[in-house]
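Here's the structure we're looking at; comments come further down.
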There are 2 protein chains.
Amino acid sequence: MARDGSATRKAIMDAAQALILETGFSAASVDAVITRAGITKGAFFYHFKTKAELALALVQRDAEADAAHLETNLQRAESLSRDPLQQLLICIGLYEEEMARLTAPYPGCLYASFIYEAQLFDAATIAVVRQVFTHWTQRIAGKLEAVMQLYPPRLPVEVKTLAETSLVLAEGAFILSKVQRDPGAVAAQWRQYRNYLELLFSPQLPDPVPRRGNDAAGVTHDKLDVSVPAK
Amino acid sequence: MARDGSATRKAIMDAAQALILETGFSAASVDAVITRAGITKGAFFYHFKTKAELALALVQRDAEADAAHLETNLQRAESLSRDPLQQLLICIGLYEEEMARLTAPYPGCLYASFIYEAQLFDAATIAVVRQVFTHWTQRIAGKLEAVMQLYPPRLPVEVKTLAETSLVLAEGAFILSKVQRDPGAVAAQWRQYRNYLELLFSPQLPDPVPRRGNDAAGVTHDKLDVSVPAK
DNA sequence: TTATCTATACCGACTGGTCTGTTCGCTACG
DNA sequence: CGTAGCGAACAGACCAGTCGGTATAGATAA
């Protein structure tokens, strides 16, 4: 089957993505990528005219996957509750669950990786990253608007900023998890965002939690009552 | 004055730091650094045996500066209130003010930059980053412990995770501000952390804010009544 | 059925340039 | 005059990208 190059193309992109998350874009040399992918220079430059073209293809692939992922989770959440606040909390909870399921390779984000080497990329590549960010923000902000119609926030907040906080927490959590080599850190930070939204909007606030023992060993992370099908 | 090389050393480090935040470590070549610093290869390798040694020196310098910065802000906060919760909120507010004062060069964090190129650095350099993170976390967590002794949280939280959220928000906000080219984004996210802590712990919750006009134009960011001396 | 042709998919040696790091020499102070 | 501080040329490794060539699959045609 010398006729289908899509597998090779995918192998290149997968190898490159993993390498970039480990070493950054500049240090992920074409030689290193092709070694990891098990192919040669010829194959690489057959599929991508330049290394920059690979970068663009990578962010575009991630952008589409992430957008689709968000829609999936939002739709699941919307089918599980009619209340906008609950929908948002469930959606965040779904992301939390997914991140809690992660194990070995400490996650990372290509967008952040590229942004910290921003000068290396052309405007189009960076534009994709910016577009992903604004799309995510607007999608969440839309939900937050609906929430605000129903529940006045206990503190003055801008919807846009509050929506961005979800992005910010995710990106920051990736960094923390890499530093600590603890994939669980990401889920824990999603949980903080859920807490924040709940405290801001939820009409009936939970009773204060009685003080536990001296160290914070026995905190109960109550599970969401939503099971996500393995895809 | 051929006898004092410390100025040259500082020039190298400053140029390198700025370049690294723009392009990443690998792309910040020694040639680019010395051009920016206005010196030559000889001077560079007189002060730093290798490029890796420069990396270590940079994170160490930042680590010391950040630790001192945190102590300053904590002490200022402690002198302004006797209540641990207020102290923490004031301390966060001080960071928020400083970030709000930033303008042109969208801020960035050397730690995050290094972490996304982690494989390039030796264990000692990464260890410094990890140490900065744990130190910050423990310092904030200590304060949070004192807060919890007085005010039971409205939701179950781990002090460590909650302390890490401050770090996570800061790191994530740097990324957001770089993507949006908006230095103000960092301050806005610090504010979210203040909100979260207030909602979690403050015994008298503010009244729900009445819904404003359709767009979120007129949010009042009430100023802290604390002025920070220009250092 | 078999010979020929063409486009796709890939190989691997090679090139010009850039990278980190070395070497040596100059100069100005103590 | 000795050495701290630095300039300038150089060395060897590595980089992205090129190019002539190969293998295979299907279309065409005899």
Side-chain angles (χ1 to χ4, degrees), chain A residues 1-59 113-114 116-122 124-125, chain B residues 1-59 113-114 116-122 124-125:
Chain A
M1 57 167 70
R3 317 251 52 243
D4 185 17
S6 66
T8 302
R9 185 183 167 92
K10 185 177 182 302
I12 294 172
M13 291 179 74
D14 291 345
Q17 175 127 11
L19 252 167
I20 288 169
L21 287 179
E22 289 168 15
T23 68
F25 184 74
S26 346
S29 70
V30 174
D31 283 312
V33 170
I34 65 177
T35 300
R36 185 117 152 195
I39 49 120
T40 62
K41 272 259 175 82
F44 182 95
F45 284 102
Y46 173 78
H47 286 283
F48 302 98
K49 277 215 286 271
T50 67
K51 200 186 165 192
E53 196 178 294
L54 168 66
L56 182 58
L58 283 176
V59 283
S113 175
F114 278 22
Y116 268 106
E117 297 180 271
Q119 299 298 320
L120 305 180
F121 304 98
D122 51 25
T125 305
Chain B
M1 57 172 70
R3 316 249 58 239
D4 185 17
S6 67
T8 303
R9 186 183 167 91
K10 185 177 182 302
I12 293 172
M13 292 178 73
D14 292 345
Q17 175 126 10
L19 253 167
I20 288 170
L21 288 180
E22 290 169 13
T23 68
F25 184 74
S26 345
S29 70
V30 175
D31 282 314
V33 169
I34 63 177
T35 300
R36 184 120 155 193
I39 48 119
T40 62
K41 276 253 176 89
F44 181 95
F45 284 100
Y46 172 78
H47 286 284
F48 302 97
K49 276 215 286 271
T50 67
K51 199 188 167 191
E53 195 177 295
L54 167 67
L56 182 58
L58 283 175
V59 283
S113 175
F114 278 22
Y116 268 104
E117 297 180 271
Q119 298 299 319
L120 305 180
F121 304 98
D122 51 25
T125 305

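Throughout, protein chains are lettered first and strands after them, A, B, ... in sequence-line order, and every chain is numbered starting at 1.
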| What is the per-nucleotide protein-contact pattern of nucleotides 7-15 of chain D, from the 5' end, where B denotes a base atom under 4.0 Å from a protein heavy atom, S denotes such proximity for sugar-phosphate atoms only, and - denotes neither? | BB------S
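For the pair B:E53 CD and C:dG21 P, the computed distance is 10 Å after rounding to whole Å. Atom pair B:I34:CD1 and D:dG5:P shows a separation of 18 Å (rounding to whole Å applied). In this structure, CZ of B:R9 is placed 16 Å from P of D:dA4, rounded to the nearest angstrom. Residue B:F48 contributes atom CZ, which lies 13 Å from atom P of D:dG5 at whole-angstrom precision. In this structure, the CD1 atom of B:I12 is 11 Å from the C1' atom of D:dG5, given to the nearest Å. Going from atom NE2 of B:H47 over to atom C1' of D:dG5 covers 7 Å, rounded to whole Å. Taking atom CZ of residue B:F45 and atom P of nucleotide C:dC19, one finds them 12 Å apart after rounding to whole Å. Taking atom CZ of B:F25 as the reference point, atom C1' of C:dC19 lies 12 Å away to the nearest angstrom.
For residues 34-49 of chain A, the pairs satisfying salt bridge (charged side-chain N to carboxylate O under 4.0 Å, His left out) are A:E22-A:R36, A:D31-A:K41, with sequence neighbours left out.
Taking the C1' atoms of five terminal pairs at each end of the helix from C:dT1-D:dA30 to C:dG30-D:dC1, the two resulting helix axes are inclined by 10°, rounded to 10°.
Between B:T50 and B:E53 there is a side-chain heavy-atom pair separated by less than 4.5 Å. Using a 4.5 Å cut-off on side-chain heavy atoms (C-beta onward), B:M13 and B:R9 make contact. Contact of the B:K51 side chain with the B:F25 side chain is registered, since non-hydrogen atoms from C-beta on lie closer than 4.5 Å. The side-chain heavy atoms of B:Y116 and A:L21, taken from C-beta on, include a pair separated by under 4.5 Å.
Here the CG-CG distance, from A:L56 to A:D122, works out to 6.5 Å after rounding to the nearest 0.5 Å. A distance of 11.0 Å separates CZ in A:F45 from OG1 in A:T40, rounded to the nearest 0.5 Å.
A close approach under 4.0 Å does not occur between any side-chain nitrogen or oxygen of B:T8 and OP1 or OP2 of D:dG5. OP1 and OP2 of C:dC10 both lie 4.0 Å or more from every side-chain N or O belonging to A:Y46.
Scanning all heavy atoms of the two residues, the minimum distance from A:S113 to A:I20 falls at OG-CG2, 3.6 Å.
Each of B:I39, B:V30, B:I34 was checked for a side-chain contact (heavy atoms from CB on, under 4.5 Å) with B:I12, and the lone residue meeting it is B:I39.
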